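The structure appears below as structure tokens.
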Amino acid sequence: MAKQNYEELSQNILAQVGGKENISRAYHCMTRLRLDIKDKGLVNIEELEKVSGIVGTQWNGNQLQIIIGQQVDDVYVDFCKVSGLTEETKIDENLDEEKKKFSIQSLFQTMSAILLPVVPALAGGGMIKGIITILTSYCGIDEASTAIVVMTMAGDCVFYFLPFLVAWSASRRFKTDTALAIAMAGILLYPTMTSGYTDGLSAMSFFGLPIPFVRYYGSTIPIILTVWVLSYVYKWINNLIPKSLRIVFVPTLVLAIMNPLALIVIGPLATYISQLLVYVFNFLYGLSPMIAGAIVGGTRLFVVMTGMHLSLSTIALGNIAEMGYDWLLPMNTMGTLALFGACLGVWVKAKNSENK
């Protein structure tokens, strides 16, 4: 949303909530403009949600929450100028995350909130990898040439070091220490772990507990779960340690606790889930290729969002090596094309330029 539109947006909001006289207080938090309304009957929610720049609305008693996004700070300033209401200090509490019961919808909302900030880097890396494929496959350029090697570094780094990017984004979502979250990604991608997986080594023993060598590069679920647990451990340790000692002892204790926890429990858990997914897909294909195709293709987006599609490559490679063909890759392709078709359909049909 352009800066020059904030005043127009504020005027539209004011018109749909019954004017200044219907507002007893206006303030904001991280993504929402919050208005204490005197008469809810004067608020036209339907028209308000049609206003460009508003993501959605929500009532909390007599408080109207208008979801705007990261631009809410600038919108709030212009709204106070237009309405003549007194500006208040931004609320720092995490009021945007009202406690809700667990649901599939909230799970995917969390996944989307974590992965969306990483998408630009993935898009850039993916485009470069696509260009490399075209140059080496159809333009006769040697894969060993310096230009291709340098481009490959740019294309692969985003995917290889994806846990670092996800750790940064997840720390923002779970409101925890970003540096420690990135440090946890570093533990998962430490050379000992990556080389152990590549060489097929047996699990290490940590006081009798196994630390399996798992493929963490290119994954998302292990680091998301790790940062989620980190947010609680960090909060607990931070409240436990006196302020004068926190800068040293909080990160020390958090890393000491989270390191074995991530390597022994959290990280491998995601691998076990992936293995279960592989078993389920194989079972479905044996039961009925049509059912398997509908489920595999229909869930493609969600599987990729979690990063567990990497584990499914073992099925495809095994099928090709054993039978000379594979049934999973065509299903995945159809699922991807369906997503492309849905996006194209929205682009063609949508009249609102922002929706396009």
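Since this is a predicted model, take the numbers as computed values, not measurements.
In the hydrophobic cluster analysis, where Ile, Leu, Val, Met, Phe, Trp and Tyr join through side-chain heavy atoms closer than 4.5 angstrom, Trp327 is grouped together with Val280. When the side chains of ILVMFWY residues are joined at heavy-atom separations under 4.5 Å, either directly or via intervening members, Val248 and Val250 end up in a single hydrophobic cluster. Placement of Ile45 and Ile67 in two distinct hydrophobic clusters is found when ILVMFWY residues are connected by side-chain heavy-atom separations under 4.5 Å, directly or transitively. Using a 4.5 Å cut-off between side-chain heavy atoms of Ile, Leu, Val, Met, Phe, Trp and Tyr, with links allowed through other members, Ile247 and Ile182 fall into the same hydrophobic cluster. Linking ILVMFWY residues whenever their side-chain heavy atoms come closer than 4.5 Å, directly or via other members, leaves Tyr285 and Met334 in distinct clusters.
Residues forming a side-chain hydrogen bond (donor to acceptor under 3.5 Å, both in side chains) with Arg246 (at least two apart in sequence, or on another chain): none. In this view, Asp39 satisfies the salt bridge (charged side-chain N to carboxylate O under 4.0 Å, His left out) rule with no residue, not counting sequence neighbours.
If you chain together ILVMFWY residues whose side-chain heavy atoms come under 4.5 Å of each other, Ile141 ends up grouped with Ile128, Ile131, Ile132, Leu135, Ile148, Met151.
Within the structure, the ring-ring contact (aromatic ring centres under 6.0 Å, His included) test picks out no pair touching residues 44-74 (sequence neighbours left out).
Residues Leu188 and Tyr216 come closest through the heavy atom pair O-CD1, 3.3 Å. Shown here for Cys29 and Arg34, the closest heavy-atom pair between the two residues is SG-NE, 2.9 Å. Closest of all the heavy-atom pairs between Ile295 and Thr299 is O-OG1, 2.7 Å. Residues Leu33 and Val72 share a closest heavy-atom pair of N-CG2, 3.7 Å. Closest approach of Ala167 and Ile223 over heavy atoms only: CB-CG1, 3.7 Å.
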(message) Walk me through whether Tyr217 and Phe161 qualify under side chain to side chain contact (heavy atoms under 4.5 Å, CB included).
(response) CA-CA 6 Å; Tyr217 51 88; Phe161 295 109; over 6 Å; no

(request) Test Phe159 against Leu122 for side chain to side chain contact (heavy atoms under 4.5 Å, CB included), laying out the working first. (result) CA-CA 7 Å; Phe159 298 93; Leu122 293 174; 3.8 Å; yes

(request) Might you work through the side chain to side chain contact (heavy atoms under 4.5 Å, CB included) test for Leu85 and Phe79, ending with a clear yes or no? (result) CA-CA 8 Å; Leu85 295 166; Phe79 182 81; 4.0 Å; yes

(request) Check step by step if side chain to side chain contact (heavy atoms under 4.5 Å, CB included) holds for Glu143 and Thr152. (result) CA-CA 9 Å; Glu143 292 183 3; Thr152 300; over 6 Å; no

(request) Applying side chain to side chain donor-acceptor pair (under 3.5 Å), run through Tyr27 and Gln63 and close with a yes or a no. (result) CA-CA 10 Å; Tyr27 53 109; Gln63 180 191 95; 2.3 Å; yes

(request) I would like to know whether Lys38 and Glu21 meet salt bridge (charged side-chain N to carboxylate O under 4.0 Å, His left out); could you show each step before the answer? (result) CA-CA 8 Å; Lys38 297 176 182 178; Glu21 296 74 16; over 6 Å; no

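The structure places CD of Gln16 at 8.5 Å from CD1 of Ile54, a figure rounded to the nearest 0.5 Å. Residue Leu35 holds its CG atom at 5.5 Å from CG of Leu64, rounded to the nearest 0.5 Å. Rounded to the nearest 0.5 Å, atoms CG (Leu328) and CG (Asn332) are 4.5 Å apart. The OG1 atom of Thr192 sits 11.5 Å away from the CD1 atom of Ile187 when rounded to the nearest 0.5 Å. Rounded to the nearest 0.5 angstrom, Ile68 CD1 and Leu9 CG are separated by 5.5 Å. Atom CD in Glu8 sits 11.5 Å away from atom CG in Asp78 (nearest 0.5 Å).
Side-chain contact between Gln65 and Arg32 is present, with heavy atoms from C-beta onward closer than 4.5 Å. By the 4.5 Å heavy-atom criterion applied to side chains, Val17 and Asn44 are not counted as neighbours. Contact check for Met184 versus Leu255: side-chain heavy atoms found under the 4.5 Å cut-off. Using a 4.5 Å cut-off on side-chain heavy atoms (C-beta onward), Pro163 and Thr220 make no contact. Side-chain contact between Met258 and Ile266: present, with at least one pair of heavy atoms (C-beta onward) separated by less than 4.5 Å. Glu7 is listed as a side-chain neighbour of Val82, based on a closest heavy-atom distance under 4.5 Å. Counting heavy atoms from C-beta on, the side chains of Val75 and Ser10 come closer than 4.5 Å. Using a 4.5 Å heavy-atom threshold, the side chains of Leu209 and Phe207 count as separate.
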Tell me which donor-acceptor pairs under 3.5 Å the side chains of residues 196-205 have, and how far apart each pair is, sequence neighbours excluded?
residue	atom	partner	partner atom	Å
Thr198	OG1	Thr194	O	2.9
Ser205	OG	Gly208	N	3.4

Solution key, residues 227-245 side-chain donor-acceptor pairs under 3.5 Å, sequence neighbours excluded:
residue	atom	partner	partner atom	Å
Ser231	OG	Trp228	O	2.5
Asn239	ND2	Lys235	O	3.1

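A donor-acceptor contact shorter than 3.5 Å is absent between the side chain of Ser137 and the backbone of Ile134. Remark: the backbone N or O of Lys129 is paired with a side-chain donor or acceptor of Thr133 at under 3.5 angstrom. A distance-only check finds no donor-acceptor pair linking the side chain of Ser171 to the backbone of Asp177 [under 3.5 Å]. Looking only at distances, no side-chain donor or acceptor of Lys40 sits under 3.5 Å from a matching main-chain atom of Ile37. Proximity of a side-chain donor or acceptor of Lys81 to a complementary backbone N or O of Tyr76 within less than 3.5 Å is not detected.
Crowding of Phe249 atom CZ: a count of heavy atoms from other residues, nucleotides or ligands under 6.0 Å not exceeding 12.
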